[in-house]
Amino acid sequence: MQTSASIAIIGGGPAGLMAAEAAIGAGTAVDVYDAMPSVGRKFLLAGKGGLNLTHAEPIDSFLSRYGSRRERIAPLLAAFGPDALRAWVNALGIGTFIGSSGRVFPTGMKAAPLLRAWLQRLRAAGVGVHVRHRWLGWNGDGSLRFATPRGERAVHADAVVLAAGGGSWPQLGSDGAWIPLLEARGVAVSPLRPSNCGFDAGWSKHFRERFGGTPIKSVVASLKSRRGGAFRLEGEFIITENGVEGGLIYVLSAPLRDEIAAAGTATLSLDLAPGWELSRLMHELSRPRGRRSLSGHIQSRTGLKGVKVGLLRELVTAEDFADSGRLAAAIKALPLKLVAARPLAEAISSAGGVAFEALDKKLMIRSLPGVFCAGEMLDWEAPTGGYLLTACFASGRAAGAGAIAWLKIRN
Ligand SMILES: Cc1cc2nc3c(=O)[nH]c(=O)nc-3n(C[C@H](O)[C@H](O)[C@H](O)COP(=O)(O)OP(=O)(O)OC[C@H]3O[C@@H](n4cnc5c(N)ncnc54)[C@H](O)[C@@H]3O)c2cc1C
């Protein structure tokens, strides 16, 4: 096909590749540039534990996962939402299924077959993929600067889609180095912060050594933030060497992180025995324990075992532990103080990024006509559950289509 203009896409993750797919086929040359030796590294890692593509819940609950950015994400998902994403995966020759929790996975759970089929289709459609091309900003003549193994290269493009990701797992390519490049151009960027991350709790040596790596199942965690928000969720998490991580913690990571930033600490209240009334616990624990140890007594009377009893021992004073009433109250509402979010590099995703206020409806940076943004580098966050990839794909599609539309108006 004869090409009359060119689009450069910076970042070959899900958002950038989707932008390429949306842009190719309109008579425009489309080239993807990525700093790493291969594209889609974080996407492939996401597939290691089972690639959770999207979620099958009703769209209203789905949109609620984007919190304060709901209004910004809604139009993107209206154009390319969870159902469209599943149909798109199917069209690549890969089936999808809904897991027991409503999470949607590709058949086989892995990202690699999907990425392979997708790259093949993109290349066949004419998309150029240039790896080991690290974007460094702009030259004075408006061309893009890339560091390559053969030295610096200047690329002229009529439109640009930036899809350089957030700041988690920087070893996979997305390291947030684009932030000063955009800030130097006056673009508002909210600092990157860890999202879907673990937290430090400051365990004792004994507890860390005995229970580090152990899952805690079926608890209800409540959080009342000092700024008024209240959360109450049932789920599981894992005791880590430093604190806690895992599904339940990730869902609460945004309010926990913001609470720590505002007040220095955040305190989760844990119900370790969700199926039990407080009165029944008190009754059972006040029964004679004979020659059993206190821990043995708790286990035999309440069924609480191992790590849950260990957690009580860790967090409750010896006096409260020995008092059946106070112990029962602690089992139903155990305060777990968290002192710091784990670093961004360890998080699953990032909060912060290019402010939506800096963009128009097609995701073009208002102050940089012809430059679009997509994916995790935008200022939104969501819990795990497929919400991250869904919004990355949808925003990539919008940015790619936006670039084509902009080129048409301009010519
Ligand atoms: C362990 C883990 C598991 C996950 N599991 C899931 C899951 O199951 N479901 C889900 O929805 N989400 C999951 N995620 C999150 C999901 O992978 C990301 O949200 C998604 O990959 C972000 O897509 P993106 O295209 O915006 O950015 P990225 O995938 O980060 O891609 C950005 C690309 O830009 C390139 N780049 C960066 N800077 C430059 C530069 N200066 N020049 C050139 N190229 C550059 C990078 O090399 C990279 O290839 C997981 C993340 C992790 C870390």
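Just so you know, ligand 1 is whichever comes first in the structure, and atom 1 is the first atom listed for that ligand. Counting from 1, the numbers follow the sequence of the chain as shown.
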Student: Distance to 0.1 Å, residue and atom name: give those for the protein heavy atom nearest to atom 7 (C) of ligand 1.
Tutor: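 Of every protein heavy atom, Asn52 O, 3.7 Å lies nearest to atom 7 (C) of ligand 1.
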Student: Evaluate Glu376 for polar contact with ligand 1, using N/O atom pairs at a separation under 3.5 Å.
Tutor: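 Yes, at least one N or O pair falls under 3.5 Å.
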Student: May I ask whether Trp169 has any heavy atom positioned less than 4.0 angstrom from an atom of ligand 1?
Tutor: yes
Student: Heavy-atom distance to atom 37 (C) of ligand 1: which of Ala164, Ser195, Ala374, Ser349 wins?
Tutor: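 Result: the heavy atom closest to atom 37 (C) of ligand 1 is in Ala164.
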Student: Which option wins on minimum heavy-atom distance to atom 47 (O) of ligand 1: Asp34, Val104, Leu51?
Tutor: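 Closest candidate by heavy-atom distance is Asp34.
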Student: Give a yes or no answer on whether the side chain of Asn196 reaches the backbone of Thr384 with a donor-acceptor pair at less than 3.5 Å.
Tutor: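 Checking the backbone N and O of Thr384 against the side chain of Asn196, a donor-acceptor pair under 3.5 Å is found.
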Student: Just to confirm my output: which protein heavy-atom neighbour is closest to atom 4 (C) of ligand 1, and how far is it?
Tutor: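 Looking at atom 4 (C) of ligand 1, the protein heavy atom closest to it is Ala46 CB, 3.4 Å.
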Student: Hey, are the side chains of Arg153 and Tyr33 touching, using non-hydrogen atoms and a 4.5 Å cut-off?
Tutor: yes
Student: Before signing off on this row, confirm whether Gly166 and ligand 1 have an N or O atom pair separated by under 3.5 Å.
Tutor: no
Student: Can you check whether Ser174 has an N/O within less than 3.5 Å of an N/O in ligand 1?
Tutor: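 Yes, at least one N or O pair falls under 3.5 Å.
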Student: Would you verify whether the NZ or CZ of Arg145 falls within 45 degrees of the ring axis of Trp138 while also being under 6.0 Å from that six-membered ring's centre?
Tutor: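 Ring-cation test returns no.
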Student: If the cut-off is 4.0 Å to any non-hydrogen atom of Leu45, which atoms of ligand 1 fall inside it?
Tutor: 1 (C), 53 (C)
Student: Please state whether Met36 comes within less than 4.0 angstrom of ligand 1, counting heavy atoms only.
Tutor: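 Judged by the 4.0 Å heavy-atom criterion, Met36 does count as contacting ligand 1.
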Student: Return yes or no for this condition: an N or O of Ala35 is under 3.5 Å from an N or O of ligand 1.
Tutor: yes
Student: Under 4.0 Å from any heavy atom of His133, which atoms of ligand 1 are there?
Tutor: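 In order of number, 42 (N), 43 (C).
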Student: Does ligand 1 come near enough to Trp135 that some N or O of the ligand is less than 3.5 Å from an N or O of the residue?
Tutor: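 Indeed, backbone or side chain, Trp135 has an N or O that close.
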Student: Are any of the heavy atoms in Thr384 under 4.0 Å away from ligand 1?
Tutor: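 In this structure, Thr384 fails to qualify as a contact of ligand 1 - no heavy atom is under 4.0 Å.
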Student: Answer yes or no for Gly386: is there a heavy-atom contact with ligand 1 below 4.0 Å?
Tutor: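 Contact check Gly386 vs ligand 1: positive.
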Student: Before signing off on this row, confirm whether Ala15 and ligand 1 have an N or O atom pair separated by under 3.5 Å.
Tutor: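 By distance alone, the answer is yes.
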Student: Under 3.5 Å between some N or O of ligand 1 and some N or O of Phe43?
Tutor: no
Student: Is the Phe211-Trp203 ring centre distance short of 6.0 angstrom?
Tutor: no
Student: Starting from the C-alpha separation in whole Å, work towards a yes-or-no answer on side chain to side chain contact (heavy atoms under 4.5 Å, CB included) for Thr54 and Phe62.
Tutor: CA-CA 9 Å; Thr54 188; Phe62 197 108; 3.5 Å; yes
Student: Under 4.0 Å, counting heavy atoms only: does Cys392 come that close to any atom of ligand 1?
Tutor: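 Judged by the 4.0 Å heavy-atom criterion, Cys392 does count as contacting ligand 1.
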Student: Show me which atoms of ligand 1 lie under 4.0 Å from any heavy atom of Gly165.
Tutor: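 Matching atoms, with element in brackets: 26 (O), 27 (O), 30 (O), 32 (C).
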Student: May I ask you to check whether Asp175 has an N/O atom sitting below 3.5 Å from an N/O atom of ligand 1?
Tutor: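 Min N/O separation from ligand 1 is not below 3.5 Å for Asp175.
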